Amino acid sequence: ILWNREKETQNAQAELDSVEAELELVELQITELMDKQAELTSRRNALLQQLEEACDAAQSSSSSSLKPSKADHVMNKQEMQRYDRRDFPWSEKVEQQLKDSFNLSKFRPLQLRAINLTLLGKDLFLVMPTGRGKSLCYQLPAVCSTGFTLVVTPLVSLMEDQIMYLKSIDVSAAMLNASINKESVKTVMAGMTDVKSPFKLLYVTPEKIAKSKLFMSRLEKAYNANLLSRIAVDEVHCCSQWGHDFRPDYKLLGILKRQFPKVPLLGITATATSSVLKDCEKILCVSQPITLTSSFNRTNLYYEVKNSDNEASISDIASLINSKYKDQSGIVYVFSQKDAESVSTELQKRDILAYPYHANMDPQDKSRVHHKWTSNKIRVVVATVAFGMGIDKPDVRFVIHHTISKSIENYYQESGRAGRDDHPADCIVYFGFSDIFRISTMVVMENTGQQKLLQMVDYCQNFDRCRRSLMAVHFDEMWNEEGCNQMCDTCRHAQDCITVDITQHARQVVQILELAASNNEKMTPLKLTDAWMGKGPAKHRKMIQTTTLSRLKAEAVIVQLLLRGYLREDFSFTPYTTYIYIKLGRKAPLLKSQAHSLTMKMRTTESEPAEVSKVHIDAPQESYNFIIVLSGPSR
Ligand SMILES: Nc1ncnc2c1ncn2[C@H]1C[C@H](O)[C@@H](COP(=O)(O)OP(=O)(O)OP(=O)(O)O)O1
């Protein structure tokens with residue numbers, strides 16, 4: 001009986017192994033099918049767009065009528081272009097105020113259209129990337145209208161910045177929030193119903209509308225006197241629970257449109273998907289607003305990724321700043337406060353006037369650095385992400401990331417501080433192997449932190465796809481190579497990329513990890529790379545194949561294996577720190593099959609002769625006697 005049981009157990013184990021191997025294969029096929037699906041979806045969208053444009057062209061040639069459409073919230077391109085005209089009754093005044101009050105010479109894309117539509121009395125949602133000039137779309141109509149525009153904005157600091165800016169250009173504006181004293185509140189409340197309109201814009205927090213009956217009654221009086229000319233809801237995505245920044249008081253803003261139905265509403269945001277906007281439409285009680293969406297593609301920015309090697313990268317950054325960017329303004333983003341101090345010191349040693357900026361500096365020092373930089377007294381700020389809000393210097397010619405950002409969305413925002421004046425500017429990120437794990441420990445607590453970080457790593461390690469197209473996915477957009485116009489390193493150097501077979505390399509890495517696991521030992525990323533490169537003490541060597549790859553290449557292979565699920569990160573928490581180890585990923589067993597092969601793209605400019613040779617999987621393998629050094633974590 002015992003013998004039979006043992007046999008049954010063996011059979012079950014054998015079948016389990018085979019089912020698991022089959023499952024792995026199915027998963028691989030699913031991954032491949034999903035890649036195919038993404039490719040086809042992208043092609044389908046391109047074709048749909050092409051067809052839509054053909055339909056638009058046909059429609060406009062059959063009818064040149066400019067009568068407003070019945071359902072103008074779903075206007076086609078040609079119909080929309082009517083609102084870019086400059087022959088509306090207010091056009092002359094709008095042009096004049098643009099120059100005289102705002103000191104601007106021309107409109108940016110979509111600004112004039114939004115201004116004409118809101119002046120026509122349409123309800124409007126405006127989705128535009130940060131820094132593209134959304135504020136002008138309600139500030140300029142405000143100075144061209146009688147009465148005042150009510151602006152609902154979530155942060156008092158943003159409100160104060162706006163008021164300061166408007167004061168500097170002699171546009172009268174007021175605000176109501178919890179920090180305003182009683183006397184000023186009284187003056188503002190009285191001004192709301194004054195026909196002489198002592199202010200053209202009134203900024204309030206959503207709480208004011210949700211909670212102050214007195215304020216609502218003044219608004220009603222202003223409305224009845226035709227003095228409430230427009231309502232602008234800044235950061236409109238805060239209305240929706242589906243958005244990333246829901247604020248309960250925004251949920252009550254529907255009262256505005258219910259009480260003041262004749263007043264046009266303008267909802268503004270830099271980040272909202274169509275489903276979030278649909279939700280906002282319901283919450284704000286606006287019926288079928290027109291949505292204007294501007295592309296997130298910043299065509300004047302050149303995107304580039306460079307390999308990081310701490311010392312060398314600082315010299316590289318310094319020589320760029322001293323040559324290509326001589327006398328120009330820029331930001332160097334770093335990972336930590338310590339890096340901000342050390343990198344700025346290193347740059348100073350190389351004759352660059354660079355100042356650090358981080359959250360732990362006292363507010364006076366922060367504003368001193370900010371001010372010196374804005375007024376061109378210093379050229380470079382070496383900053384953590386604390387240097388962000390309220391940075392609106394137009395002539396930033398370079399944003400260099402000394403360390404990668406924690407997500408593509410963050411990278412887009414941070415690098416987007418370059419070239420706001422629409423002139424060419426460079427966005428360079430230095431990608432370093434160890435940085436992945438530094439950031440990983442920082443984002444480990446965030447739900448999708450790891451996933452987003454790996455997307456950023458993938459952005460850096462992708463050598464055959466346009467950097468813009470990799471970013472576009474995150475904004476529900478499609479920017480193809482044409483939209484890039486060779487303004488990224490992969491499009492510019494497409495021919496410098498080759499496909500290499502890394503199957504054998506992958507097997508070597510897996511073998512090291514298996515051996516480690518069998519010894520109950522943990523491998524940090526650094527230990528794994530060292531072991532693979534044969535850097536451990538000789539006395540510990542035993543039965544491991546080392547690699548002939550350069551360190552940079554070896555790290556690139558490990559990163560690929562992480563990105564594709566052959567390896568994974570494993571975290572261990574102590575009261576003082578978080579350790580990261582590398583373990584086998586769910587796809588690792590696939591490498592057992594001799595039929596399984598793996599390739600990756602590499603830059604030819606970085607490859608060394610005869611390395612990463614197209615190793616044949618059956619090639620005889622050199623064996624080294626080797627043991628992995630498996631002492632404690634490296635950090
Ligand atoms: N037509 C224009 N020409 C040149 N500069 C412009 C134009 N319109 C706006 N700007 C400038 C003014 C500001 O310095 C800068 C950003 O404008 P702003 O209205 O603050 O952007 P925004 O509201 O889209 O950004 P955020 O999302 O950060 O609030 O652009």
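This one's a predicted model, so the numbers in the text were calculated from it and none came from an experiment.
Contact detail for Glu341 and Pro356: the closest heavy-atom pair is OE1-CG, 3.9 Å. Here the closest heavy-atom approach between residue Asn300 and residue His423 is recorded as ND2-O, 2.8 Å. When all heavy atoms are compared, the tightest approach of Arg467 to Cys460 is NH1-O, 4.0 Å. Taking each heavy atom of Lys134 and Met128 in turn, the nearest pair found is NZ-O, 3.0 Å. When all heavy atoms of Phe335 and Ile439 are compared, the closest pair comes out as CE1-CG1, 3.7 Å.
Remark: the backbone N or O of Arg379 is paired with a side-chain donor or acceptor of Trp373 at under 3.5 angstrom. Proximity of a side-chain donor or acceptor of Arg438 to a complementary backbone N or O of Ser434 within less than 3.5 Å is not detected. Listed for the Ser469 side chain is a donor-acceptor partner under 3.5 Å among the backbone atoms of Cys466. Thr490 contributes a side-chain N or O that, together with a main-chain N or O of Arg465, makes up a donor-acceptor pair within less than 3.5 Å. The backbone N or O of Ala354 sits less than 3.5 Å from a side-chain atom of Gln348, completing a donor-acceptor pair. Proximity of a side-chain donor or acceptor of Thr574 to a complementary backbone N or O of Thr577 within less than 3.5 Å is detected. Although no hydrogens or angles enter the test, the distance criterion places no donor-acceptor pair under 3.5 Å between the side chain of Asp570 and the main chain of Tyr581. Ser184 contributes no side-chain N or O that, together with a main-chain N or O of Ile180, makes up a donor-acceptor pair within less than 3.5 Å.
Rounding to the nearest 0.5 angstrom, the gap separating the CG atom in Leu353 from the NZ atom in Lys372 is 7.5 Å. Rounding to the nearest 0.5 Å places CD of Gln111 at 7.5 Å from CG of Leu104. We find the OH-OG1 distance between Tyr579 and Thr524 to be 11.0 Å, quoted to the nearest 0.5 Å. Of the inter-residue distances, the one linking Thr153 atom OG1 with Ile268 atom CD1 reads 8.5 Å to the nearest 0.5 angstrom. Note that the CG atom of Asp309 and the CZ atom of Phe433 stand 13.5 Å from one another [nearest 0.5 Å]. Note that CG of Asp458 and CD1 of Ile408 are 7.0 Å apart. Values are rounded to the nearest 0.5 Å.
Inspection of the Ser135 and Gln139 side chains reveals no N or O donor paired with an N or O acceptor under 3.5 Å. Side chain to side chain, Asn410 and Ser405 fail the donor-acceptor criterion of an N or O pair below 3.5 Å. Side-chain contact, Asn297 with Arg468: a donor N or O sits under 3.5 Å from an acceptor N or O. Between the side chains of Ser440 and Gln450, a donor-acceptor pair is found at a separation under 3.5 Å. For the 3.5 Å distance criterion, the side chains of Asp489 and Tyr302 fail to qualify, holding no donor opposite an acceptor. In this structure, a donor-acceptor pair under 3.5 Å is absent between the side chains of Ser319 and Asn322. For the residue pair Gln162 and Tyr203, a side-chain donor N or O sits within less than 3.5 Å of a side-chain acceptor on the partner. Residues Asn177 and Ser179 bring a donor and an acceptor atom of their side chains to less than 3.5 Å of each other. Under the 3.5 Å distance criterion, with hydrogens and angles disregarded, no donor-acceptor pair is assigned to the side chains of Asn360 and Lys366.
Here Phe102 pairs with nothing under the ring-ring contact (aromatic ring centres under 6.0 Å, His included) rule; sequence neighbours left out.
Put simply, the side chain of Glu304 does not reach to within 4.5 Å of the side chain of Cys427, judged on heavy atoms. Side-chain contact between Leu140 and Leu98: present, with at least one pair of heavy atoms (C-beta onward) separated by less than 4.5 Å. Val385 is listed as a side-chain neighbour of Glu414, based on a closest heavy-atom distance under 4.5 Å.
Residues Glu235 and Arg247 are not paired through a salt bridge, judged by the lack of any N-O separation under 4.0 Å between the basic side chain and the carboxylate. Between Asp365 and Arg368, at least one side-chain nitrogen of the basic residue sits less than 4.0 Å from a carboxylate oxygen of the acidic one, meeting the salt-bridge criterion. Between Arg420 and Asp395 there is no salt bridge, since none of the side-chain N atoms of the basic residue sits less than 4.0 Å from a carboxylate O of the acidic one. Under the 4.0 Å criterion applied to side-chain N and carboxylate O atoms, Arg603 and Asp464 are not assigned as salt-bridge partners.
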* To do: Dump the intermediate steps for ring pair (Phe, Tyr, Trp, His ring centres under 6.0 Å) on His370 and Phe387, then the final yes or no.
  => CA-CA 9 Å; His370 189 175; Phe387 194 58; 5.8 Å; yes
So Tyr459 and Tyr411, ring pair (Phe, Tyr, Trp, His ring centres under 6.0 Å) or not? Walk me through it. CA-CA 10 Å; Tyr459 169 89; Tyr411 182 62; 5.7 Å; yes
Item to complete: Applying ring pair (Phe, Tyr, Trp, His ring centres under 6.0 Å), run through Tyr333 and His401 and close with a yes or a no.
Response: CA-CA 5 Å; Tyr333 274 112; His401 277 73; 5.2 Å; yes
Could you go through Lys406 and Glu446, starting from their C-alpha distance and side-chain angles, then the distance that decides it, and tell me whether this counts as salt bridge (charged side-chain N to carboxylate O under 4.0 Å, His left out)? CA-CA 11 Å; Lys406 65 175 191 166; Glu446 295 171 24; 3.2 Å; yes
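A distance of 6.0 Å or more separates the ring centres of Phe463 and His493.
With a 6.0 Å radius and a threshold of 12 heavy atoms from other residues, nucleotides or ligands, Lys377 has its NZ atom at or below the threshold.
Here salt bridge (Lys or Arg N to Asp or Glu O under 4.0 Å) pairs that include residues 396-405, with residues two or more places apart or in two chains, are Arg397-Asp421.
Applying side-chain contact (heavy atoms from CB on, under 4.5 Å) to Val457 and the options Leu562, Ile404, Asn462, Asp435 leaves one that passes, Ile404. For the salt bridge (Lys or Arg N to Asp or Glu O under 4.0 Å) with Asp426, the qualifying choice from Lys324, Arg298, Lys306 is Lys324, the only one to do so.
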